[in-house]
Amino acid sequence: MVAMWRSLVLLLMLPVPLLAEPAPPRFTPVAIAPHVYDGGWEHFVGGGVAAFDCDGDALPELYAAGGSNPASLFRNRSRSGLAFEVQTPAELALTGVTGAYPLDIDGDGLLDLAVLRVGEDHLLRGLGDCRFEAFGAALGFVSEAHWSTAFSATWEAGQSLPTLAFGTYVDRADPAGPFEACDDTLLYRPEGDRYRAPERLSPGFCALSMLFSDWRRDGRADLRVSNDRHYYVRGGQEQMWAMEKTPRLYTPEDGWLPYSIWGMGIASRDVTGDGYPDVYLTSMGDQKFQEFDPAAGGPTWRDATYARGTTAHRPHMGSDGRPSTGWHAAFGDVNNDGRDDIFVAKGNVEQMPDAAMEDPNTLLMQQADGSFAERAGEAGLASMARARGAALADLDNDGRLDLAVVNRRAPLEIYENVTPAGHWLLVGLAAPAPNTAGIGSVIEVRAGDQVQTREVTIGGGHASGHAGLQHFGLGTADRAEIRVTWPDGKVSAWQSWQAGQIVTLSP
């Protein structure tokens with residue numbers, strides 16, 4: 001009861017929205033060459049997509065996992081409307097791919113790729129013009145043949161290379177498996193200009209999503225892991241690792257609240273307006289919204305799912321009333337009203353009889369009172385395909401968030417956002433090497449009485465990563481101020497910018 005009242009009080013404290021009557025969201029499908037994520041039980045999970053610019057034209061390409069099919073690179077050819085062309089170099093046409101995350105590993109200003117696979121994971125160096133090569137032995141990264149289903153990265157203080165975390169699923173070599181045979185998370189920490197042998201973060205509980213986040217805002221990112229109860233069955237839970245010299249699990253004594261779900265995806269965003277990251281967790285059954293509690297003094301998130309109306313626990317269309325299965329989750333302001341909305345990719349694992357087979361994707365639009373309402377049907381996003389990973393990003397730089405969704409045993413779907421709504425800014429960060437994208441920075445955008453706070457991260461979602469411009473909806477405001485807290489703690493001055501443009505900021 002106390003938690004419910006606390007959530008209602010926080011809703012009343014939210015800033016006044018900048019657009020009282022926002023336009024309803026509208027998306028239209030984009031014709032593309034077919035691409036399908038397929039395969040046996042090892043590809044029931046995964047199916048991610050990476051959105052990133054690999055040819056220098058400021059428009060994001062899409063690299064889609066294929067499972068037993070080769071992965072595909074969709075080159076962005078958008079001019080007046082979204083358009084993509086499949087041009088997959090041999091280095092990217094890999095099989096066994098479950099997902100991918102873009103990041104600049106070597107600090108040369110070109111985005112590289114961490115490719116998750118059933119088999120050996122790959123780190124591929126970007127060469128420009130969407131060409132790639134293996135980093136090779138010089139980097140010291142060595143991957144065994146495991147089942148990778150989650151990823152995140154951060155730059156720890158004083159390091160020239162990012163720290164990499166690979167989440168693994170079931171240990172396929174365990175003769176007692178697959179239940180209670182979850183594999184460990186693998187942590188690659190650099191030593192100089194090379195990676196050490198991976199540290200095993202044990203116990204592992206079948207990770208399907210993970211995210212490095214500086215939840216304390218003190219310059220150190222800890223690793224949150226969402227785990228699948230379907231395979232750990234008992235004794236497991238959601239996890240957060242304190243990134244100390246020797247990583248350790250947070251416990252209830254630290255303020256961590258134990259939580260066991262069929263965890264599949266993590267999305268993080270400051271929704272309450274207090275400057276700290278709240279989280280949305282996908283699952284089988286209801287999806288979870290958790291608000292960070294800064295007064296607790298520790299890593300404490302409190303459930304606000306019902307107060308916010310974000311359960312999305314059953315299909316909102318069709319005749320199948322069984323529980324939904326959520327996968328990728330992403331925050332984003334799809335109608336530029338200054339309030340973050342939530343997209344959830346949904347779909348049955350395969351033929352699970354207790355879960356809905358007709359399970360349309362969800363679009364939860366944030367209302368003026370801070371609650372959320374389902375709008376996927378009217379927006380044109382309620383596909384009945386078995387969705388997995390996704391990218392909610394502005395794919396043509398017109399100030400509106402578009403959407404790409406990878407489906408299991410059904411074609412990839414791309415949707416163009418045609419909502420006639422609101423003002424916006426696209427914000428990019430350009431920092432000196434090694435952390436050229438300013439990962440770990442916190443961007444604040446102030447318009448009127450509202451301040452939007454955004455941590456720049458790599459990870460989360462379900463096997464799907466995005467690198468590039470950060471989109472901010474501004475509602476009716478035609479100007480906004482921006483400041484950045486950089487990873488070294490330096491805080492820039494507030495700068496005023498006209499809405500409707502791309503802004504690139506440096507330390």
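Being a predicted model, the structure only gives us computed values, none of them experimental. The chain is numbered in sequence order, starting from 1.
Side-chain N or O atoms of Thr163 include none that pairs as donor or acceptor with a backbone N or O of Trp155 at under 3.5 Å. Although no hydrogens or angles enter the test, the distance criterion places a donor-acceptor pair under 3.5 Å between the side chain of Arg217 and the main chain of Gly275. In this structure a side-chain-to-backbone donor-acceptor pair under 3.5 Å is present from Ser78 to Ala83. A donor-acceptor pair is defined here as one N or O able to donate and one able to accept, closer than 3.5 Å; no such pair exists between the side chain of Ser464 and the backbone of Ala50. Listed for the Glu156 side chain is no donor-acceptor partner under 3.5 Å among the backbone atoms of Thr154. Between the side chain of His316 and the main chain of Ala382, no donor-acceptor pair closer than 3.5 Å is present. One N or O on the side chain of Ser152 and one on the backbone of Ile458 form a donor-acceptor pair closer than 3.5 Å. In this structure, Tyr63 contributes its side chain and Ala100 its backbone to no donor-acceptor pair below 3.5 Å. The closest donor-acceptor contact from the side chain of His328 to the backbone of Ala390 lies under 3.5 Å. At least one donor-acceptor pair closer than 3.5 Å links the side chain of Glu374 to the backbone N or O of Ala376.
In this structure the side chain of Asp394 never reaches within 4.5 angstrom of the side chain of Arg400, judged on heavy atoms. A heavy-atom distance below 4.5 Å is found between the side chains of Met210 and Thr185. Between Trp486 and Val491 there is no side-chain heavy-atom pair separated by less than 4.5 Å. Counting heavy atoms from C-beta on, the side chains of Tyr101 and Val115 never come closer than 4.5 Å. Under the 4.5 Å side-chain criterion, counting only non-hydrogen atoms from C-beta, Lys346 is in contact with Ser324. Between Ile105 and Pro162 the shortest side-chain heavy-atom distance falls below 4.5 Å. Side chains of Asp337 and Gln367 form no contact here, defined as non-hydrogen atoms less than 4.5 Å apart.
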Just list the side-chain donor-acceptor pairs under 3.5 Å for residues 258-265, sequence neighbours left out, or say none.
unit_1: Tyr259; atom_1: OH; unit_2: Asp303; atom_2: OD1; d: 2.9
unit_1: Ser260; atom_1: OG; unit_2: Gly236; atom_2: O; d: 2.8

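Contact between Gly347 and Asp359 at its shortest, heavy atoms only, is N-OD2, 4.0 Å. In terms of heavy atoms, Leu62 sits closest to Leu395 at CD2-CD2, 4.2 Å. Scanning both residues, Asp402 and Asp396, for their nearest heavy atoms gives OD2-OD1, 3.3 Å. Here the shortest heavy-atom pairing between Asn336 and Gly399 reads ND2-O, 2.9 Å. Asp293 and Arg302 get closest at one heavy-atom pair: OD2-NE, 2.7 Å. What you find for Gly438 and Leu429 is that their closest heavy atoms are O-CD1, 4.1 Å.
The closest side-chain donor-acceptor pair between Ser492 and Arg483, if any, does not fall under 3.5 angstrom. With 3.5 Å as the limit, one finds a donor-acceptor pair spanning the side chains of Glu253 and Thr251. Under 3.5 Å, the side chains of Asn227 and Glu238 contain no donor-acceptor pair of N or O atoms. Remark: the Ser268 side chain and the Glu455 side chain contain no N/O donor-acceptor pair separated by less than 3.5 Å. With no hydrogens or angles considered, no side-chain donor-acceptor pair links Asn335 and Thr419 at under 3.5 Å.
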task = Take Phe27 and Val418 through the side-chain contact (heavy atoms from CB on, under 4.5 Å) test and state the conclusion after the steps.
result = CA-CA 6 Å; Phe27 289 76; Val418 295; 5.9 Å; no
key: Residues Asp270, Asp278; criterion side-chain contact (heavy atoms from CB on, under 4.5 Å); working and verdict   = CA-CA 5 Å; Asp270 173 24; Asp278 309 299; 3.8 Å; yes
request  = Please assess Thr28 against Glu416 for the test side chain to side chain donor-acceptor pair (under 3.5 Å), listing each intermediate value before the final yes or no.
outcome  = CA-CA 5 Å; Thr28 184; Glu416 182 175 7; over 6 Å; no
task = For Val271 and Gln366, run side-chain contact (heavy atoms from CB on, under 4.5 Å): C-alpha distance rounded to whole Å, both residues' side-chain angles, the deciding distance at 0.1 Å, then the answer.
result = CA-CA 10 Å; Val271 176; Gln366 189 175 172; 4.0 Å; yes
task = Check the pair Asn361, Ser383 against side chain to side chain donor-acceptor pair (under 3.5 Å), reporting the backbone distance first and the verdict last.
result = CA-CA 6 Å; Asn361 297 327; Ser383 169; 4.8 Å; no
request  = Quick one: do Arg224 and Ile266 satisfy side-chain contact (heavy atoms from CB on, under 4.5 Å)? Show the steps, please.
outcome  = CA-CA 9 Å; Arg224 183 169 189 143; Ile266 301 172; 4.2 Å; yes
task = Could you give me the CA-CA distance, side-chain angles and deciding distance for Phe166 and Tyr188, then say whether ring pair (Phe, Tyr, Trp, His ring centres under 6.0 Å) is met?
result = CA-CA 8 Å; Phe166 287 82; Tyr188 292 83; 5.7 Å; yes
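Residues Arg26 and Glu378 are not paired through a salt bridge, judged by the lack of any N-O separation under 4.0 Å between the basic side chain and the carboxylate. Salt bridge status for Asp254 with Arg248: present, with a side-chain N to carboxylate O gap under 4.0 Å. Between Arg77 and Glu85, at least one side-chain N (NZ, or NE/NH1/NH2) sits under 4.0 Å from a carboxylate O, which counts as a salt bridge. For Lys490 and Asp488, the salt-bridge test fails: no basic side-chain N is under 4.0 Å from an acidic carboxylate O.
Two rings, from Phe331 and Phe343, have their centers 6.0 Å or more apart. Less than 6.0 angstrom separates the ring centroid of Phe292 from the ring centroid of Tyr276.
With rounding to the nearest 0.5 Å, the separation of CG in Leu249 from CG in Leu201 is 8.0 Å. How far CG of Asp333 is from CZ of Arg269: 9.5 Å, rounded to the nearest 0.5 Å. To the nearest 0.5 Å, atoms OH (Tyr415) and CG (Leu392) are separated by 13.0 Å. To the nearest 0.5 angstrom, Asp55 atom CG is 6.5 Å from Asp129 atom CG. One distance of note links OG of Ser283 with CZ of Arg229; it measures 9.5 Å at 0.5 Å rounding. Atoms NE2 and CG, from His423 and Leu474 in turn, are 8.0 Å apart once rounded to the nearest 0.5 Å.
Partners of Tyr37 by ring pair (Phe, Tyr, Trp, His ring centres under 6.0 Å), not counting sequence neighbours, listed by chain and number: His43. With sequence neighbours left out, the side chain to side chain donor-acceptor pair (under 3.5 Å) criterion links Asp286 to Lys288. With sequence neighbours left out, Asp222 forms a side chain to side chain donor-acceptor pair (under 3.5 Å) with Trp215, Arg216, Arg220, Tyr250.
Ring geometry for Trp301 versus Trp256: interplanar angle over 60°, hence perpendicular rather than tilted (30 to 60°).
The ring pair (Phe, Tyr, Trp, His ring centres under 6.0 Å) pairs that include a residue from residues 441-479 are Trp327-His462, where partners are two or more places apart or lie in different chains. Pairs of residues two or more places apart, or lying in two chains, never qualify as side chain to side chain donor-acceptor pair (under 3.5 Å) while including a residue from residues 424-434.
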